[in-house]
Every structure is written in C-alpha cells, then in structure tokens.
Protein chains: 4
Amino acid sequence: MNDSRNLESQMSDGAREKAMHDRTERGADKRRLILDAAITVFANKGYHATRISDIAQHAEIAYGLVYHYFKNKEKILDTIFLERWGGFIDAVQAIADDERGVEEKLLSIAAVTLTAYRRRPEWVKILVFEIQRTQRFADPDRVRVVGQLFQLITRILREGQERGELREDLDPALACSIFIGGLDIVVTNRVLDLVKIEGDENAYYVKIARTVVDLFLNGMG
Amino acid sequence: MNDSRNLESQMSDGAREKAMHDRTERGADKRRLILDAAITVFANKGYHATRISDIAQHAEIAYGLVYHYFKNKEKILDTIFLERWGGFIDAVQAIADDERGVEEKLLSIAAVTLTAYRRRPEWVKILVFEIQRTQRFADPDRVRVVGQLFQLITRILREGQERGELREDLDPALACSIFIGGLDIVVTNRVLDLVKIEGDENAYYVKIARTVVDLFLNGMG
Amino acid sequence: MNDSRNLESQMSDGAREKAMHDRTERGADKRRLILDAAITVFANKGYHATRISDIAQHAEIAYGLVYHYFKNKEKILDTIFLERWGGFIDAVQAIADDERGVEEKLLSIAAVTLTAYRRRPEWVKILVFEIQRTQRFADPDRVRVVGQLFQLITRILREGQERGELREDLDPALACSIFIGGLDIVVTNRVLDLVKIEGDENAYYVKIARTVVDLFLNGMG
Amino acid sequence: MNDSRNLESQMSDGAREKAMHDRTERGADKRRLILDAAITVFANKGYHATRISDIAQHAEIAYGLVYHYFKNKEKILDTIFLERWGGFIDAVQAIADDERGVEEKLLSIAAVTLTAYRRRPEWVKILVFEIQRTQRFADPDRVRVVGQLFQLITRILREGQERGELREDLDPALACSIFIGGLDIVVTNRVLDLVKIEGDENAYYVKIARTVVDLFLNGMG
DNA sequence: CATGAATGAGTGTTCATTCAT
DNA sequence: AATGAATGAACACTCATTCAT
C-alpha cells in the first residue's frame with residue numbers, strides 16, 4: 001500500500017501529514033484534496049452520476065487539475081479503492097496473524113468492519129456499492145483484491161477447524177462467505193436504512209458485532 | 001403482482017401465452033421481446049452501459065418502438081424489477097405461509113433463491129447489482145419493496161422463536177439480515193466468480209442451501 | 001372557400017351541419033372534429049408544441065385517422081387558415097363592396113375584427129401568431145392570401161381619397177398598413193394581456209373600434 | 001442594461017472592444033461569436049428550425065462550446081432579446097426624457113425603429129417574430145419587458161395631453177398601442193415583403209417615419 | 001503546477017409519418 | 001373508414017478528456 005493508512009489508524013485519526021512525503025507537499029495536498037472530495041461526492045451521488053467538475057468544485061481546485069493527478073475518472077475510484085481496501089485488509093491481516101482464538105479474531109473483524117462504517121460511512125458506501133458492483137467486469141485485479149479478504153478469513157476458519165475450535169464438516173470457504181455476507185448485509189441495511197437505530201450508536205454496533213459472531217458460532221437453533 | 005409469474009413458475013416455464021391478455025397479442029409479444037432483450041443486455045453490460053439501441057437490436061425491433069412500450073430506460077428496469085422481484089416475493093410468501101417448521105421453510109427459501117440464480121443468472125444479476133444498488137437513492141418504493149423480503153423472513157424467525165424452535169435471545173430482524181446476507185453473498189460470489197464450482201452444479205446448489213441453513217441454525221462452533 | 005363560413009356567420013353560430021355535404025356525413029364529421037380540435041390545441045400550445053397525438057386525443061379519434069384527412073401536420077394549419085381567413089376576407093369584401101362612406105366601412109371592419117376576437121380568440125391567436133409568423137418563409141401562397149386584406153382596405157382608402165373623403169397626400173397602401181397595424185396590435189395586446197379590461201367586454205370592444213377609426217381619421221393632434 | 005449598446009450606438013458601430021471586459025478577452029470573443037451567429041441563423045431559419053450545430057458551424061467553433069457559454073438554446077434567444085431590446089428601450093427612454101415636443105419625440109422613435117430595422121433587419125426579425133410570439137406563455141418577464149416600451153410611449157402621450165399638444169378625449173394607452181401597431185406592421189410588411197421598395201431605401205424609411213407620425217397626429221380625414 | 005476554455009463523440013428521447021390489419 | 005403499432009431520422013444536451021497558456 002503506497003498510502004498505508006488502514007482502517008484502524010483512520011479510526012484513531014493519527015497524524016495525517018506524516019504519510020505525505022512520497023510527493024511534494026503541495027502536490028500531495030492537492031491529490032489528497034481530490035481524493036477526499038471524490039470520496040464524499042461518490043458516496044453522495046454515486047460514481048456514475050459524479051462529474052469531474054463536481055469533484056473539482058468540492059475540492060475547490062481547478063477543473064483540469066484533476067487530470068494532473070489522475071489519468072481519468074476511473075483511476076480516482078481505483079485509488080480510493082486500493083487505499084481504503086488496502087488499509088482494511090492490513091487490519092484484517094493483523095488480526096489473522098495474532099495469537100488469539102477464532103472467536104476473538106472474528107469479533108475483532110466484525111468490530112473493525114462495523115466501526116469503520118460508523119466512522120466513515122462514505123468509504124464503506126463506495127466500497128460496497130461503487131466498486132464491487134459498478135465496474136465488476138472491467139478490472140480482474142479488483143476481483144482478486146477483494147478475494148484477499150475471503151482468503152484471510154477462510155484461513156482463520158481453517159485454522160480454527162484444525163485446532164478443534166470449529167466444526168470440521170463445513171467448507172471453510174463457504175462458511176467464510178456466509179460470515180462476510182452477514183456483516184455485509186448488516187452494513188448494507190444501514191446504508192439502505194431498512195433498519196432504524198434507537199439509542200447509542202456505538203453500543204448498537206458492538207452488540208451487532210457480538211450477535212453476528214454469536215450467531216455464526218452457535219447458530220440460531 | 002399484475003404479472004404473477006414467480007420464480008418457481010418461471011423455472012417450470014408454464015404456459016406463457018395465458019398471461020398475455022392484458023394487452024394485444026402482438027403488443028404483448030413485442031413488450032416481452034423488449035423486456036427479455038433488456039434483461040440479457042442489462043445483465044451483460046450493466047444498466048448504465050446499455051444503450052436503448054442495444055435493446056432494440058437485440059429484440060430485433062425498431063428503435064422507437066421501445067418508447068412505445070416504455071416511457072424511458074429506467075421504466076424498463078423498473079418493470080423487470082417488479083416482475084421478477086414480485087414473483088420471487090410471492091414464492092417466499094407461499095413458503096412463509098405453509099405449515100412446516102422453521103428449518104424446512106428456510107431450506108425452501110434458500111433453495112428457491114439459489115435455484116433461481118442457477119436457472120436465470122441474468123435476472124439475479126440485475127436484481128442484485130442494478131436495482132438494489134444503482135438507483136438506491138432514487139426510488140423509496142424500491143427500498144420498501146426489498147424490505148418485504150426482510151419482513152417475511154423476520155416473521156418466520158419470530159414464529160420459530162415463539163414455537164420454541166429457535167433461540168429467543170437474538171433479535172429476529174438482525175438474524176434475518178444475517179441469513180439473507182449469507183444467501184446474498186453466496187450468489188454474489190458466484191457472480192463475481194470468486195468461488196469456482198467443480199462437478200454437478202445442481203448438487204452444488206443444494207449442498208449450499210443445506211449448508212447455509214445448517215450454519216444458520218447450528219452455528220460453526 | 002370550400003367551407004364558406006365567414007367570421008360573421010361564425011359569430012351568429014348558424015346551422016353548422018348544413019355546410020357539411022361536400023363529403024360523407026361521417027367523414028366530414030371527423031374532418032371537422034379534427035379541425036376543431038386542432039384549433040383549440042394550436043391556440044393553447046402553439047403549432048410547434050402540438051403533437052398529432054394531442055389533436056387526435058382532443059378529437060377523440062384514432063391517432064392514424066388524422067392522416068386520412070390531412071396529408072400532414074402543416075396541412076391542418078393550412079386548412080384552418082384558409083377556412084378562417086377566407087371567411088374573414090369574405091366579410092371584409094362585403095363591407096368594401098357596399099355603398100357606405102369610408103368611415104362606416106372602416107368602423108365595420110374594426111368591429112368585425114375585434115368581435116371575432118372576442119368570440120373566438122383561439123382562431124385569432126392562430127391567425128396572428130401561428131400562421132403569419134411561424135411558417136412565413138414556407139408558403140408564398142400564405143403571404144399572398146394575407147395580402148388580400150391589404151388590397152381590400154387599400155381600395156377602400158383609395159376610393160375615399162377619390163371621393164374627397166380622405167386626404168390625398170398620403171399613400172393609401174401605407175395608410176392601410178397603419179390602420180391594420182393599429183387593429184392588430186390591439187388584438188395582440190389582448191392576447192398578451194398587456195392591457196387589462198374592466199367592466200363590460202362588449203362595450204369595450206365597440207369603444208375600441210370607434211377609437212381606432214377616430215384616431216385614424218382625425219389624428220391625435 | 002448590462003451591455004449598454006443601444007440601437008443608436010449599434011448603428012454608429014462605436015468602439016466594440018470597450019464593452020468587453022465583463023469576461024475574459026477570449027471568452028467574450030467566443031460568446032459574442034456565438035450570439036452573432038445565432039442572430040443570423042435565427043433570423044434566417046427561425047428559432048425552432050435552428051439547430052445548435054448550425055450556430056456552432058456558423059460561429060466556427062466547436063459544438064459543445066455553445067453550452068459552455070449558454071445553458072441551453074433558449075438562453076441564447078433570451079440573451080439576444082435582453083441585449084437588443086434593452087438597447088432599444090434605452091434609446092426610447094432617452095428620447096422620452098428629452099425636452100422636445102410630442103411630435104419630435106414620436107418622429108425620433110419612429111426613425112430609431114425603422115432605421116434599426118434597415119441596418120439590422122435580422123435583429124428586428126428576431127425581436128418581432130421569434131421572441132414576442134414563440135415563447136409567449138413561457139416567460140412572464142418577457143411580456144413585462146415588452147410592456148416597458150408601451151409605458152414609455154404612453155407617458156409621452158400623456159404628457160402631450162397635459163401640455164395641450166394632443167387631444168385629451170382618447171385613452172393614451174390605447175393611442176400608444178395604435179401608434180406602436182402602425183410601426184410594427186410597417187416593419188412586418190417589410191419582413192413579409194408585402195410592400196416593394198423602389199429607389200432609395202433611406203429616404204423611404206424617413207418618409208415612412210414622417211407619414212406614420214403625420215397620420216397619427218393629423219389623421220386621414 | 002495550475003487554469004478553464006475547447007472539443008466532439010455519444011445517447012436518451014421525441015414525434016411526424018407510414019403501414020399492416 | 002378506422003386503428004394504433006411500427007419506424008427511424010433528428011436533435012438537444014452531457015461530460016470525459018485534451019490543450020493552449
């Protein structure tokens with residue numbers, strides 16, 4: 001990841017400027033301005049409905065400057081994807097690599113996912129809606145990259161099976177899909193406002209994370 | 001549903017002509033031609049990338065005729081949505097209303113969903129990618145209609161809890177989301193070709209349906 | 001004039017059916033239906049904004065039937081023009097031919113014009129706006145026909161000069177233009193609602209006719 | 001008037017560049033190019049028959065550039081209207097405000113009107129045909145602005161009555177309409193080529209102006 | 001780096017007109 | 001005569017991308 005800010009560090013809002021010296025101060029500034037503007041606008045209007053001029057206006061920079069930093073509109077989306085998803089994958093990787101048990105790992109992943117959404121719903125909107133779906137036929141790289149998440153979680157599950165923490169009669173890849181699907185739809189529901197929240201948002205997300213993992217491990221029966 | 005052909009009946013390809021008397025024979029023919037062409041093209045190229053001329057060419061009709069039957073491009077998508085989703089909801093409704101236990105009902109729903117995908121992947125592609133996501137801000141009706149599925153399944157789960165077939169400590173609405181999410185991602189994975197199938201497709205889907213429900217009811221632990 | 005109903009007879013709303021035997025009863029019926037509908041719709045929406053389907057709907061006949069009676073959209077306008085304008089010219093011709101003095105003749109013409117507007121503003125709208133202006137380059141016939149009105153009034157003025165009722169130092173053609181212009185703009189003003197009417201409309205128009213002629217004959221000085 | 005070039009100054013073709021600093025040099029250039037092209041094409045083909053590509057070709061610029069300077073086709077017409085009519089109204093205002101008698105004022109107005117037509121018949125065509133008529137229901141502003149001319153001339157007449165220069169038994173608003181109508185139809189006649197000119201055009205117009213005012217003041221009787 | 005004017009291909013939509021029945 | 005489905009040319013408008021300065 002050229003810009004290795006994962007979701008965790010994004011959460012704690014660590015020193016932003018530090019990471020910005022792969023390019024000129026001002027250049028990187030503008031580049032970041034564009035990306036941040038793009039994230040907002042993509043999330044609000046959707047990728048297709050977003051015009052380059054929208055991004056430029058929101059970033060308060062000149063129209064044509066966008067093309068100094070990005071080859072075209074799609075590259076902007078690509079960059080956002082790589083940056084955000086990369087950060088997310090790094091976080092999941094760290095969780096997968098630590099020494100805790102399966103339950104703790106899954107809880108961490110659920111928490112990271114849901115908290116990320118709570119703090120930066122725009123990113124998640126873009127990840128969920130714009131990238132997975134919009135250009136799905138265009139870029140096989142994109143698909144492969146999304147696959148990383150599945151591989152990491154599948155590995156966690158397989159290790160759990162090997163350690164005897166999980167049933168061994170289920171395909172870990174399929175179980176992984178279902179776990180991710182559970183998280184995904186919870187986020188999707190929020191985006192679509194199918195489920196209304198009452199009370200403390202934070203507690204709500206923690207509870208959801210627990211429930212998802214509880215259900216995944218112990219079942220509804 | 002004005003056009004009450006649900007996914008099941010669509011599968012068995014029951015008498016098609018019978019439903020065609022809300023319009024002139026020829027008119028309905030052309031209308032259907034357009035819809036079928038649209039389903040194919042939307043699924044292949046995506047809604048945004050599809051030109052009206054693509055649909056007309058694929059249906060082998062004149063360009064302008066499309067606008068004889070549909071007010072505009074979006075209405076075509078709308079019609080597909082209502083037709084297909086309506087059929088699907090009817091099928092789920094029937095399952096929810098029968099007298100079997102929770103496990104059987106969930107199995108049926110999973111089977112219907114997955115089989116529908118196996119037989120008409122284009123429809124599901126359109127349902128999953130083009131409608132749920134693309135136009136999400138435009139039409140609140142759309143969101144509400146998708147919500148029907150959640151309500152039906154939530155009801156099944158709540159009744160299961162009341163009959164003592166299911167744990168009562170979990171919110172049925174949330175559990176419902178997670179169940180749907182499991183199915184959804186499985187379909188999505190197929191669409192995205194993240195998971196490769198080996199051997200008999202049919203058996204594969206049956207096994208998946210069982211696994212999803214097994215995991216949902218008994219958990220991974 | 002194949003349909004020789006002039007503005008005067010239109011005013012008195014004489015037996016309508018009588019004139020309709022140059023064609024089949026029903027055929028002429030439909031033809032008339034279309035023309036009447038066209039007059040209304042052209043006056044409301046303007047020629048360009050009027051679609052054939054608007055006319056058909058308003059006439060409560062089938063879409064394609066319009067093309068049985070009229071070669072194309074423009075022919076409908078043409079027919080209205082010839083019919084209405086022809087009637088109007090006939091009325092002016094009768095006035096020009098009678099034995100009264102110039103003042104009486106001009107008063108009659110002004111009265112006919114303004115009353116026609118009062119009773120059938122749609123016709124006048126079409127005459128004034130749609131025909132004189134819209135298609136002016138298309139049909140030289142149209143221009144020639146409008147010229148008839150000028151010729152008739154010019155003749156009246158020239159005769160007045162010869163009889164010593166009018167000044168002889170002014171070009172009668174130019175004076176004619178100015179007289180017509182006075183009437184025209186008064187109608188136009190009404191159409192554009194630049195001038196608001198208070199009290200009895202009828203008396204208002206009679207007074208205007210008198211004023212126009214008074215001013216034309218005696219001047220403002 | 002933001003672009004205060006009235007018909008008189010347009011006639012004398014005063015320093016053009018001076019007025020051009022509300023926009024960038026080049027920008028204003030192109031904008032003007034478009035407007036000038038539009039005036040020509042609108043006058044030749046009529047507003048409705050004019051395609052954006054006609055304007056672009058005539059201005060020798062790229063198609064899309066038209067939309068850089070004008071929101072849409074109608075705005076181009078609007079701009080021409082405001083610019084030209086505004087200039088015309090300014091000229092009439094100046095005449096109304098000076099200290100001469102009614103006859104001189106009316107003569108000036110007639111001369112300005114007719115001379116404007118002689119020098120720039122396209123503008124008058126557009127003013128007379130395209131704007132007053134075409135969009136009459138759309139923009140109430142348009143009607144109001146045309147009303148300004150009536151108000152100015154009505155004021156002149158009313159003042160003439162107060163000074164005893166004019167008869168007081170006629171409604172000045174109505175007299176104003178008739179005066180304008182006389183001028184209008186004279187212009188219209190030229191446009192329609194109902195009246196043929198022989199000899200010196202200039203003298204012709206001067207004579208007409210005199211005749212119109214003479215007739216208006218002294219009458220035909 | 002920065003600006004925003006310039007370009008022009010692309011596409012949804014309209015609607016007069018024709019045609020088969 | 002009557003119907004309305006079928007046709008397809010036409011056109012306004014959008015917007016990603018390039019370019020001159």
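On a predicted model such as this, the values are computed, not experimentally measured, just so you know. All chains are named by letter (A, B, ...) in the order of the sequence lines, taking the proteins before the strands, and each is independently numbered beginning at 1. The figures here come from the full heavy-atom set of this structure, side chains too, leaving out hydrogens, waters and symmetry mates.
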Round to the nearest Å and state the distance from B:L33 atom CG to F:dA5 atom C1'. 14 Å
Rounded to whole angstrom, note down the C1' distance from E:dC1 over to F:dT21. 13 Å
Below 4.5 Å, heavy atoms only, C-beta onward: do D:R31 and D:I34 meet side chain to side chain? no
NZ of B:K45 versus P of E:dG10: gap in Å, rounded? 12 Å
Measure CZ/D:R31 against P/E:dG4 and give the value in whole Å, please. 17 Å
Starting at atom CD of D:Q57, determine the distance to atom P of E:dT7, rounded to an integer number of angstrom. 13 Å
For the pair made of CZ in D:F70 and P in E:dA6, what is the distance, rounded to whole Å? 12 Å
Judged by each residue's nearest nucleotide on DNA chain E, which is more toward the 5′ side, D:E60 or A:A62? A:A62
Cation-pi check, A:K73 to A:Y47: give yes when NZ or CZ is under 6.0 Å from the six-membered ring centre and within 45° of the ring axis, no otherwise. yes
Could you please name the partner base of F:dG8, counting Watson-Crick and G-U wobble pairs only when both distances are under 3.5 Å? E:dC15
Any chance you could list the contact pattern along nucleotides 12-18 of chain F? Use B for base contacts, S for sugar-phosphate-only contacts and - for none, protein heavy atoms under 4.0 Å, 5' to 3'. BBBSBBB
Would one find a side-chain N or O of B:K30 under 4.0 angstrom from OP1 or OP2 of F:dA5? no
C:K75 NZ - E:dA16 C1' separation (whole Å): 16 Å
Does D:I52 reach the side chain of D:N72, with side-chain heavy atoms less than 4.5 Å apart? no
Does a side-chain heavy-atom distance below 4.5 Å link A:F81 with A:I126? no
Under 3.5 Å, side chain of D:W85 to main-chain N/O of D:V145, donor-acceptor pair present? yes
Given that both distances must come in under 3.5 Å, which nucleotide forms a Watson-Crick or G-U wobble pair with F:dT3? E:dA20
Would you kindly check whether a donor in the side chain of C:H68 faces an acceptor in the base of F:dA2, or vice versa, at under 3.5 angstrom? yes
For C:R51, does its backbone N or O pair with a side-chain atom of C:D54 as donor and acceptor, under 3.5 Å? yes
